[in-house]
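Please read all numbers here as calculations on a predicted model, not as lab measurements. By convention here, the first residue in the shown sequence is residue 1.
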Amino acid sequence: MDTTQPAPPPPVAVDARPVDPGHADPGKADARPAGAVRRAVRELILVAVLFLAYKAGRLAVAGRSADAQVNGERIWWFERLLHLPDEAAVQAPLLVHELPVRLANCYYAYVHFPATALCLIWLYLRHPAHYRWMRRALAALTASALALHVLVPLAPPRMTALTGLVDTGRRYGPAVYGPPEADSLSNQYAAMPSLHVGWAVAVALVLVTVTAGRWRWLWLAHPVLTLLVVVGTGNHYWLDAVVAVTLLGLILAALPCPDAPRRPPAGPAPGARLRPHVVPAPRRPGGAARRRSPRTPSAADARLRPPRRG
């Protein structure tokens, strides 16, 4: 009897030195922070370019205040032809008490830009594809708005005497703008389109898209409240919001949608047991392969039975 056993395979050399997870792949570890820094610098450059473009638009309309006043009166009359509600009907309830008008001024001054910035930061960290989508949409909307501000300077309702609206920021505070002739930071003759409303609609749309549940539709309250605030404080006409939403809709229609999350291919569960597929044997030709039912007697069985009596 042969009791010899096959020789075991030679041992594989294994490096027994402990691996430091922080230095597992120095190339990849260094590439990730460098890529993040480059992306952050690129975003800051984009913001700086938009700010410089806004400053250039402010300088372009510096001496066109008379045209802006005339355009404001034309917009007000055109809204009356369209039977739109008067902006004073929104401002009147705010002026009854000082607290509502102060809250509206605070919303106009402190919610617009911080809410958009927080949304962009959260999308940058959690939903990069939607962040790029929203960044392109906001950049295109801002660029088109700046072009329209230069082509059609428009005084807001608070600066147009025909409307009868009050400058709630200067009367009750907090004030965002100073005197138009001394304001070198902002363009006060850039009422159309309303970037407040356009950015708020973009924020609400992207948050409704990336969040789940029935409560996600409450994000739409942000653009609705923004619209009431910008009209009630005398900073924008109704048509300013209409033009902003129209431009945003055209931009979103032209931009490609963010990539949808890929679903795994349909298949059996990881722990599911598969039943073997049994292939039946082929039938042989002829009557010999047919199986008789035990209840059906054959001709040979009938001949073996005894004859019936009677």
>> Rounded to the nearest 0.5 Å, what separates atom CG in Leu255 from atom CE in Met134?
In response: 12.5 Å

>> Using only atom types and a distance under 3.5 Å, with no angle test, would you say the side chain of Asn105 pairs donor to acceptor with the backbone of Val101?
In response: yes

> Are Pro193 and His149 side-chain neighbours, meaning at least one heavy-atom pair lies under 4.5 Å?
Replying inline: yes

> Can you tell me how far the OG1 atom of Thr160 sits from the CD1 atom of Ile75, to the nearest 0.5 Å?
Replying inline: 10.0 Å

> Any sub-3.5 Å donor-acceptor pair from Asn71's side-chain atoms to Pro153's backbone N or O?
Replying inline: yes

> After noting the C-alpha distance and the side-chain angles of Trp122 and Val210, does the key distance pass the side chain to side chain contact (heavy atoms under 4.5 Å, CB included) rule?
Replying inline: CA-CA 11 Å; Trp122 183 73; Val210 300; 3.5 Å; yes

> Any link between Tyr177 and Val197 through a network of hydrophobic side chains (Ile, Leu, Val, Met, Phe, Trp, Tyr) touching at under 4.5 Å?
Replying inline: yes

> Would you call Thr163 and Arg158 a side-chain contact if the rule is heavy atoms closer than 4.5 Å?
Replying inline: no

> Does Arg135 have any side-chain hydrogen bond (donor to acceptor under 3.5 Å, both in side chains) partners at least two apart in sequence or in another chain, and if so, which?
Replying inline: Glu43

>> Between Ser194 (side chain only) and Asp240 (backbone N and O only), is there a donor and an acceptor less than 3.5 Å apart?
In response: no

> Within 45° of the axis and under 6.0 Å from the centre of the six-membered ring of Trp133, does NZ or CZ of Arg136 qualify?
Replying inline: no

> Are any non-hydrogen side-chain atoms of Leu162 and Trp77 less than 4.5 angstrom apart?
Replying inline: yes

> Could you give all pairs that pass the side-chain hydrogen bond (donor to acceptor under 3.5 Å, both in side chains) test and reach residues 223-233, with sequence neighbours left out?
Replying inline: Thr233-Asn235

> When rounded to the nearest 0.5 angstrom, what is the spacing between NE2 in His127 and OG1 in Thr211?
Replying inline: 8.0 Å

> Say you draw a straight line from SG of Cys119 to CG of Leu123; how long is it, rounded to the nearest 0.5 Å?
Replying inline: 4.5 Å

> Quick one: hydrophobic cluster around Leu165, which other residues, with the 4.5 Å side-chain cut-off, linked directly or via members?
Replying inline: none

> Within a strict 4.5 Å, meaning less than it, do heavy atoms of the Tyr189 and Met159 side chains meet?
Replying inline: yes

>> Please list all pairs meeting ring-ring contact (aromatic ring centres under 6.0 Å, His included) that have one or both residues in residues 192-234, counting only residues at least two apart or in different chains.
In response: Tyr108-His196, His112-His196, His112-Trp199

Please tabulate, one pair per line, all N/O donor-acceptor pairs under 3.5 Å involving side-chain atoms of residues 82-93, not counting sequence neighbours.
{"from": "Asp86", "atom 1": "OD1", "to": "Ala88", "atom 2": "N", "distance (Å)": "3.3"}
{"from": "Glu87", "atom 1": "OE2", "to": "Trp238", "atom 2": "N", "distance (Å)": "3.3"}
{"from": "Gln91", "atom 1": "OE1", "to": "Val166", "atom 2": "N", "distance (Å)": "3.0"}
{"from": "Gln91", "atom 1": "NE2", "to": "Val166", "atom 2": "O", "distance (Å)": "2.9"}
{"from": "Gln91", "atom 1": "NE2", "to": "Gly232", "atom 2": "O", "distance (Å)": "3.0"}

> Between Thr142 (side chain) and Ala139 (backbone), is there a donor-acceptor pair under 3.5 Å?
Replying inline: no

> What distance separates Asp67 CG from Arg74 CZ, expressed to the nearest 0.5 Å?
Replying inline: 8.5 Å

> salt bridge (charged side-chain N to carboxylate O under 4.0 Å, His left out) with Glu98: which residues, sequence neighbours excluded?
Replying inline: Arg102

> Would Leu239 and Glu79 count as a side chain to side chain contact (heavy atoms under 4.5 Å, CB included) if you check the C-alpha gap in whole Å, the side-chain angles of each, and the deciding distance to 0.1 Å?
Replying inline: CA-CA 7 Å; Leu239 288 181; Glu79 287 184 345; 3.7 Å; yes

> In Å and rounded to the nearest 0.5 Å, what is the CG to CG distance from Leu141 to Leu252?
Replying inline: 9.0 Å

> Only one of Val230, Val243, Leu154, Val242 clears side chain to side chain contact (heavy atoms under 4.5 Å, CB included) with Tyr237; which?
Replying inline: Leu154

